[in-house]
Amino acid sequence: KNLLQSSSSSQTAKIKSWLAEKQSAFAAAKSAIEVSGYDQATLQKVLDKYYGFDSDFQNGLYIATADGQYMKATDSTKTEKDPLNSEWYKHGITTINMSITDPYEDSDGNKIISASGILNDGSGQIKVIGADLSLNSITTIVNSSVSMDGAAAFLINNNDDVASENNLPFGI
């Protein structure tokens with residue numbers, strides 16, 4: 001029992017640290033874009049530079065406007081059929097700071113979480129910026145710190161204490 005509690009605490013700490021690191025990177029990018037005053041062409045170049053920048057958010061950053069326009073890196077494989085009804089947009093429109101969504105399935109069928117928030121770039125247009133984080137990264141953290149044979153791990157949302165079913169190895 002003590003070993004399981006220790007393993008669980010270690011996994012939780014590592015996941016929280018990983019999420020905080022990613023959230024900090026997203027916040028820095030968001031802030032830089034907000035103060036830049038970029039025109040559309042320059043903003044596209046910025047999004048292109050974030051593509052592949054970090055293996056945990058391979059498709060980089062993306063932006064949707066309240067009128068349904070969607071921008072992403074030119075080489076990004078992310079598709080978005082209806083950005084205004086996407087989980088990341090609906091979440092992001094409610095927060096100024098980049099924050100993490102609950103796990104969900106994106107329009108490509110991938111189990112992910114996203115960081116998103118309102119982008120106040122001075123344009124007067126309502127925009128949300130986001131980035132997807134694969135749950136595979138969390139699986140790797142959990143797999144690398146499981147301390148017991150036959151142990152099972154569950155991803156618990158701290159906001160509502162609900163375990164997530166993500167179809168990942170060993171019940172994460």
Q: Using only atom types and a distance under 3.5 Å, with no angle test, would you say the side chain of Ser17 pairs donor to acceptor with the backbone of Lys14?
A: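 Looks like no, no N/O pair under 3.5 Å.
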Q: Is there a side-chain contact between Asn59 and Asp132, using heavy atoms and a 4.5 Å cut-off?
A: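 Of all side-chain heavy-atom pairs linking Asp132 with Asn59, none is under 4.5 Å.
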Q: Should we count NZ of Lys45 as having more than 12 external heavy atoms under 6.0 Å?
A: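 Atom NZ in Lys45 is not packed in, count stays at 12 or less.
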Q: Hey, is the main chain of Met98 close enough, under 3.5 Å, to the side chain of Gln23 for a donor-acceptor pair?
A: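 Confirmed, Gln23 side chain pairs with Met98 backbone.
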Q: Quick one: does Ile63's side chain get under 4.5 Å of Leu43's, heavy atoms only?
A: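 Counting from C-beta outward, Ile63 and Leu43 do come under 4.5 Å.
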Q: Could you walk me through whether Ile129 and Phe26 pass the side chain to side chain contact (heavy atoms under 4.5 Å, CB included) check?
A: CA-CA 9 Å; Ile129 187 168; Phe26 298 143; over 6 Å; no
Q: For the side chain of Lys30 and the backbone of Ala25, is there at least one donor-acceptor N/O pair under 3.5 Å apart?
A: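 It does not hold such a pair.
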Q: Is a donor from one side chain sitting under 3.5 angstrom from an acceptor on the other, for Ser99 and His91?
A: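 Looking only at side-chain atoms, His91 and Ser99 do form a donor-acceptor pair, the distance falling under 3.5 Å.
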Q: Can you label the angle between the Phe53 ring and the Tyr50 ring as parallel, tilted or perpendicular, going by 30° and 60°?
A: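 Ring orientation of Phe53 relative to Tyr50: perpendicular.
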Q: For the pair Lys22 and Asp54, find out whether any cationic side-chain nitrogen is under 4.0 Å from an anionic carboxylate oxygen.
A: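 Salt bridge flag = yes for Asp54 with Lys22.
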Q: I need the Asp67 CG to Thr65 OG1 distance, nearest 0.5 Å.
A: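 Interatomic distance, Asp67 CG to Thr65 OG1, rounded to 0.5 Å: 3.5 Å.
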Q: For residues Tyr104 and Ser86, is any side-chain donor paired with an opposing acceptor at under 3.5 Å?
A: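 Looking only at side-chain atoms, Ser86 and Tyr104 do not form any donor-acceptor pair under 3.5 Å.
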Q: Could you give the distance from NZ (Lys90) to OG1 (Thr101), rounded to the nearest 0.5 Å?
A: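 Those atoms lie 11.5 Å apart.
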Q: Are the ring centres of Trp88 and Tyr62 closer than 6.0 Å?
A: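 Close enough - the centres of the two rings lie under 6.0 Å apart.
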Q: Would you mind reporting whether Val128 and Leu119 have side-chain heavy atoms less than 4.5 Å apart?
A: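 Not touching, per the 4.5 Å side-chain cut-off.
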Q: Got a second to check how far Lys111's NZ is from Ser134's OG, nearest 0.5 Å?
A: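 It comes to 12.0 Å.
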Q: Side-chain contact test, heavy atoms from C-beta onward, threshold under 4.5 Å: evaluate it for Pro83 versus Glu80 and give yes or no.
A: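 Yes, their side chains come closer than 4.5 Å.
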Q: Side-chain contact, heavy-atom cut-off 4.5 Å: Gln125 with Gln69?
A: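 Yes - at least one pair of side-chain heavy atoms lies under 4.5 Å apart.
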Q: Are any side-chain N or O atoms of Thr74 and backbone N or O atoms of Asp48, one a donor and one an acceptor, separated by less than 3.5 Å?
A: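 No, the answer is negative, given that no donor and acceptor are paired below the 3.5 Å cut-off.
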Q: I need the minimum non-hydrogen distance between Thr95 and Asn97, along with the two atoms involved.
A: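 Taking every non-hydrogen atom into account, OG1-O, 2.9 Å.
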Q: Is Gln44 reaching over with its side chain to a backbone N or O of Lys72, donor-acceptor style, under 3.5 angstrom?
A: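 Between the backbone of Lys72 and the side chain of Gln44 there is a qualifying donor-acceptor contact (under 3.5 Å).
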Q: Verify the distance criterion only: is there a donor paired with an acceptor across the side chains of Ser123 and Asp121 at less than 3.5 Å?
A: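 Yes - a donor-acceptor pair under 3.5 Å links their side chains.
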Q: Are the side chain of Ser31 and the backbone of Ala27 linked by a donor-acceptor contact shorter than 3.5 Å?
A: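 Side chain of Ser31 to backbone of Ala27, a donor-acceptor pair under 3.5 Å: yes, one is there.
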Q: Less than 4.5 Å apart, side chain to side chain, heavy atoms only: is that true for Pro103 and Ile112?
A: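 They are not in side-chain contact.
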Q: Under the side chain to side chain contact (heavy atoms under 4.5 Å, CB included) rule, what do Ile33 and Val46 come out as? Steps first, then yes or no, please.
A: CA-CA 8 Å; Ile33 292 169; Val46 170; 4.1 Å; yes
Q: Using atom types as modelled and distance alone, determine if a side-chain donor or acceptor of Ser116 lies under 3.5 Å from a backbone N or O of Gly92.
A: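 Yes; judged by distance alone, with no hydrogens or angles, the pair exists.
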Q: Between atom OH of Tyr70 and atom CG of Asp82, what is the distance when rounded to the nearest 0.5 Å?
A: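 CG of Asp82 is found 12.0 Å from OH of Tyr70.
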Q: Do you know which two heavy atoms are closest between Leu47 and Leu61, and how far apart they sit?
A: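 Minimum heavy-atom contact is CD2-O, 3.6 Å.
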Q: For the residue pair Met71 and Gln40, establish whether any side-chain heavy-atom pair is separated by less than 4.5 Å.
A: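 Yes - at least one pair of side-chain heavy atoms lies under 4.5 Å apart.
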Q: Taking atom CG of Asp106 and atom OG1 of Thr79, what is their separation to the nearest 0.5 Å?
A: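 Rounded to the nearest 0.5 Å, the CG-OG1 separation comes out at 7.0 Å.
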Q: Show your reasoning for whether side chain to side chain contact (heavy atoms under 4.5 Å, CB included) applies to Ile100 and Leu133.
A: CA-CA 9 Å; Ile100 304 294; Leu133 293 164; 4.3 Å; yes
